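Start at 1 and go down the list; that is how both ligands and their atoms are numbered. Atoms considered below: every heavy atom in the structure, side chains included; atoms not considered: hydrogens, waters and symmetry mates. None of these values were measured; they are calculated from a predicted model.
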Amino acid sequence: MKIAICDPIDKKALEKLSSLGLDVKDLSSIDKTELVERVKDADILVVRSATKVKGELLDALESAKLIIRGGVGLDNIDIEGAEKKGIKVVNTPEASSVSVAELVFAHIFAIYRHVVRGTVGIKEGKWEKKALKGNEIFGKTIGIIGMGRIGREVAIRAKALGMTVLGYDVVDFPEEFAEKVSLDELYERSDIITLHVPLIPATKHMINKDSISKMKDGVVIINCSRGGIVDEVALYEALKDGKVKGVGLDVFEKEPPERSPLFELDNVTLTPHIGASTKEAQAKIGVEIVNKVKAFIEGKL
Ligand code: NAD
């Protein structure tokens with residue numbers, strides 16, 4: 001059985017796949033334009049987010065039965081097109097939840113304590129001790145929109161920090177993670193709002209001028225889910241007039257983002273879609289990929 005690895009995965013996972021007796025083709029370092037020719041006879045395709053399994057690449061697959069997306073979001077795969085060709089598409093949703101949740105707090109701490117401005121200031125020879133008065137996270141209220149895998153990991157950590165935790169989801173979730181509230185109540189009561197929903201028509205620009213107007217003055221908004229869920233223009237305006245005190249973004253409407261006025265403002269923390277980019281998450285993604293392959297071989301997928 002031939003397996004084409006189109007994007008880099010953990011080394012141990014590669015070794016493990018070879019030890020399963022598979023013909024492993026590591027195509028992760030070749031030019032993406034060459035992939036079309038090289039994946040034709042692959043039975044299984046493994047991709048992360050860089051390889052787009054759509055159009056020409058999807059058409060090129062002659063033998064594929066399975067596509068494994070190492071990671072969560074499936075927006076780089078034409079799922080309907082794959083299914084029409086009889087190809088199953090699976091992801092590794094559990095592996096990165098802790099890493100993403102921890103990044104949420106990296107943004108919150110950095111915003112609440114002006115870590116970025118402090119760093120840049122000192123490097124520029126400024127000692128802004130008086131200007132950088134922050135806030136404690138303890139005792140604040142966090143509103144989590146999307147109480148799935150990552151939302152729950154955020155809730156666990158928020159509670160440990162002494163926060164009041166509110167949760168909103170379109171499906172039910174266990175009360176132990178967060179107080180269940182309506183979206184409007186979450187907007188009204190939260191000091192910090194963090195998004196953990198998929199990008200679908202219902203969530204596109206759900207954080208916009210109207211929803212921001214319902215939030216507390218001085219709210220902090222964190223988006224480590226998908227770009228496009230937050231209207232970046234509305235966010236810029238709300239930050240500029242002080243309604244929103246701080247913003248942390250790991251994801252953008254366009255990635256990499258074009259130069260934006262958001263970048264000029266203080267208390268905006270930005271990371272280049274690194275939610276799952278930890279050694280631990282990559283290793284866990286590798287293990288999940290191997291498990292999916294094993295299950296497929298055994299006819300259990
Ligand atoms: P999940 O499927 O476990 O949870 C998503 C939750 O959102 C579900 O409980 C679902 O019911 C809920 N939801 C859907 N539509 C909603 C709506 N309109 N309003 C409120 N809730 C709604 O997914 P997850 O693993 O927790 O991932 C959450 C998000 O994080 C996804 O967008 C995923 O792509 C993203 N993600 C980002 C990174 C990163 O690198 N920054 C890494 C992994 C995942």
Side-chain angles (χ1 to χ4, degrees), residues 7-9 47-50 68-77 79 89-108 142-158 165-187 190 193-208 210-211 214 221-231 247-257 269-286 288-289:
D7 297 315
I9 63 166
V47 301
R48 300 295 313 280
S49 57
I68 304 177
R69 152 75 162 114
V72 183
L74 288 163
D75 18 334
N76 57 322
I77 300 171
I79 298 176
V89 179
V90 296
N91 58 356
T92 61
E94 314 289 341
S96 43
S97 305
V98 168
S99 289
V100 179
E102 289 185 359
L103 183 65
V104 169
F105 287 98
H107 280 280
I108 295 172
I142 188 167
I144 303 172
I145 303 179
M147 284 297 301
R149 284 174 289 257
I150 298 171
R152 291 177 199 197
E153 293 294 345
V154 170
I156 291 167
R157 285 153 185 79
V165 186
L166 310 179
Y168 169 77
D169 200 303
V170 286
V171 300
D172 202 17
F173 60 88
E175 195 98 49
E176 70 196 70
F177 287 103
E179 181 186 337
K180 289 178 200 174
V181 292
S182 69
L183 199 48
D184 278 353
E185 188 177 347
L186 185 145
Y187 289 148
S190 302
I193 294 177
T194 181
L195 294 147
H196 300 290
V197 292
L199 176 61
I200 48 174
T203 59
K204 169 116 183 129
H205 283 188
M206 76 182 291
I207 301 301
N208 54 33
D210 181 49
S211 49
K214 297 176 183 168
I221 300 173
I222 309 291
N223 187 14
C224 291
S225 56
R226 277 288 176 273
I229 292 168
V230 171
D231 176 351
V247 165
L249 301 177
D250 184 49
V251 289
F252 302 86
E253 297 210 50
K254 185 170 178 287
E255 294 183 2
T269 55
L270 307 166
T271 46
H273 202 148
I274 54 167
S277 301
T278 61
K279 281 186 185 162
E280 292 81 359
Q282 297 309 304
K284 282 186 258 180
I285 287 172
E288 274 199 53
I289 289 172

of all protein heavy atoms, closest to atom 11 (O) of ligand 1 is D169 OD1, 2.6 Å
Contact region, V72 to ligand 1, non-hydrogen atoms below 4.0 Å, reads side chain
Near S96 (heavy-atom distance under 4.0 Å), the atoms of ligand 1 are 43 (C)
- Is the backbone N or O of P198 less than 3.5 Å from a side-chain atom of T203, with the two atoms forming a donor-acceptor pair by type? yes
Near T203 (heavy-atom distance under 4.0 Å), the atoms of ligand 1 are 17 (C), 18 (N)
| query | Salt bridge between E153 and R157, side-chain N to carboxylate O under 4.0 Å? | reply | yes
query = Considering residues, nucleotides and ligands other than K254, do more than 12 of their heavy atoms fall under 6.0 Å from its NZ?
reply = yes
Within 4.0 Å of some non-hydrogen atom of V197, the atoms of ligand 1 are 7 (O), 13 (N), 16 (C), 20 (C), 21 (N), 22 (C), 29 (C), 31 (C), 32 (O)
In this structure, atom 14 (C) of ligand 1 is nearest to the protein heavy atom P198 CD, 3.5 Å
Nearest non-hydrogen protein atom to atom 27 (O) of ligand 1, with distance, is I150 CD1, 3.4 Å
Next on the checklist: Would C224 count as being in polar contact with ligand 1, using the rule that some N or O on each side must be under 3.5 angstrom apart?
Outcome noted: yes
_Looking at ligand 1, would A276 count as a contact under a 4.0 Å heavy-atom criterion?_
yes
The protein heavy atom nearest to atom 5 (C) of ligand 1 is H196 O, 3.4 Å
Here the atoms of ligand 1 under 4.0 Å from any heavy atom belonging to H273 are 39 (C), 40 (O), 41 (N)
- List the steps, then state whether side-chain contact (heavy atoms from CB on, under 4.5 Å) holds for I289 with T92. CA-CA 7 Å; I289 289 172; T92 61; 4.0 Å; yes
Value for CG (D250) from NE2 (H107), rounded to nearest 0.5 Å, stands at 5.0 Å
The protein heavy atom nearest to atom 17 (C) of ligand 1 is V170 CG1, 3.6 Å
F173 and D169 have their tightest heavy-atom pair at CD2-CB, 3.8 Å
- Message: Is it the case that the side chain of N76 and the backbone of R48 share a donor-acceptor pair, with hydrogens and angles ignored and the cut-off at 3.5 Å?
- Response: yes
Tell me if a side-chain donor or acceptor on N91 pairs with a main-chain N or O of V72 at a distance below 3.5 Å. yes
Without swapping roles, check the side chain of S96 against the backbone of S99 for a donor-acceptor pair under 3.5 Å. no
For G146, the ligand 1 atoms with a heavy-atom partner under 4.0 Å come out as 7 (O), 21 (N)
In this structure, atom 4 (O) of ligand 1 is nearest to the protein heavy atom G148 CA, 3.3 Å
Logged contact type for D250 with ligand 1, heavy-atom cut-off 4.0 Å, is side chain
Any N/O of Y168 closer than 3.5 Å to an N/O of ligand 1?
no
Per-atom filter on ligand 1: closer than 4.0 angstrom to a heavy atom of V100 are 38 (C), 42 (C), 43 (C)
Exercise for the section: Look at the side chain of E288 and the backbone N and O of A95, then say whether any donor-acceptor pair between them is shorter than 3.5 Å. Expected result: yes
the protein heavy atom lying closest to atom 35 (C) of ligand 1 turns out to be S225 O, 3.5 Å
re atom 2 (O) of ligand 1, the protein heavy-atom contact at minimum distance is R149 NH2, 3.5 Å
Apply side-chain contact (heavy atoms from CB on, under 4.5 Å) to residues M147 and R152 and explain how you reach the verdict.
CA-CA 6 Å; M147 284 297 301; R152 291 177 199 197; 4.1 Å; yes
Within the distance-only criterion (no hydrogens, no angle test), does the side chain of N208 pair as donor or acceptor with the backbone N or O of S211 below 3.5 angstrom?
-> yes
Nitrogen or oxygen of A202 less than 3.5 angstrom from that of ligand 1: no
